[in-house]
Amino acid sequence: MNQGTVRLIFRWIHIVFSIPILGYIYSPFDQIHYYARPTRFIFVPILVLSGLWMWKGHVLRRLISKRSTQRDPAAKLRELEA
């Protein structure tokens with residue numbers, strides 16, 4: 001999957017999960033308690049994670065790719081000793 005497709009998926013996740021938050025903000029005051037728990041524990045964390053991924057995902061991908069290409073220094077030392 002190319003990076004454009006990944007960004008598109010995360011963008012749509014971000015948009016779709018922001019809709020219930022708008023319902024939470026603009027709902028009548030006596031109905032807020034119906035929206036409070038899912039908003040706090042589902043929608044906001046998903047929005048934060050998808051937003052961070054869209055903002056700084058390139059840094060995380062670069063760190064992951066560097067780790068996968070680098071070997072453990074202790075493993076190199078064990079190879080030299082063997």
Side-chain angles (χ1 to χ4, degrees):
M1 189 177 319
N2 64 16
Q3 297 303 320
T5 305
V6 172
R7 281 189 65 196
L8 185 66
I9 290 170
F10 276 107
R11 187 178 297 141
W12 276 105
I13 288 172
H14 198 78
I15 290 169
V16 167
F17 279 89
S18 67
I19 292 170
I21 293 176
L22 293 174
Y24 176 77
I25 293 170
Y26 291 110
S27 66
F29 187 71
D30 59 341
Q31 294 181 357
I32 286 181
H33 63 279
Y34 295 124
Y35 294 103
R37 187 173 299 263
T39 300
R40 286 185 202 140
F41 299 115
I42 297 171
F43 302 123
V44 170
I46 290 175
L47 277 176
V48 168
L49 290 174
S50 66
L52 284 173
W53 183 263
M54 288 188 296
W55 179 45
K56 289 292 184 178
H58 65 282
V59 175
L60 183 62
R61 283 189 299 273
R62 188 171 59 221
L63 287 174
I64 291 171
S65 68
K66 281 184 182 179
R67 274 196 195 143
S68 65
T69 58
Q70 292 178 347
R71 295 186 56 192
D72 184 23
K76 286 182 183 179
L77 188 61
R78 279 184 247 130
E79 274 183 14
L80 293 174
E81 290 175 352

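From a predicted model like this one, the values you see are computed outputs, not experimental measurements.
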Enclosure of Y24 OH (heavy-atom neighbours >12, cutoff 6.0 Å):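 Yes, enclosed.
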Reported [atom1]-to-[atom2] distance for the pair [X] and [Y], which is rounded to 0.5 angstrom:
X	Y	atom1	atom2	result
Q3	M1	CD	CE	10.0 Å
I46	F10	CD1	CZ	11.0 Å
H58	L63	NE2	CG	10.0 Å
R7	H14	CZ	NE2	12.5 Å
I13	S18	CD1	OG	12.0 Å
I15	S50	CD1	OG	9.5 Å

Decide whether [X] and [Y] are clustered together by the hydrophobic rule: side chain heavy atoms of Ile, Leu, Val, Met, Phe, Trp, Tyr closer than 4.5 Å, transitively.
X	Y	result
L47	W55	yes
F17	F41	no
I42	L22	yes
I9	L49	no

Minimal non-hydrogen separation, R40 against V44, with atom names: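 Smallest interatomic distance, heavy atoms only, reads O-CB, 4.3 Å.
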Side chain proximity check, P38 to F43, heavy atoms < 4.5 angstrom: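 Answer yes - side chains close enough.
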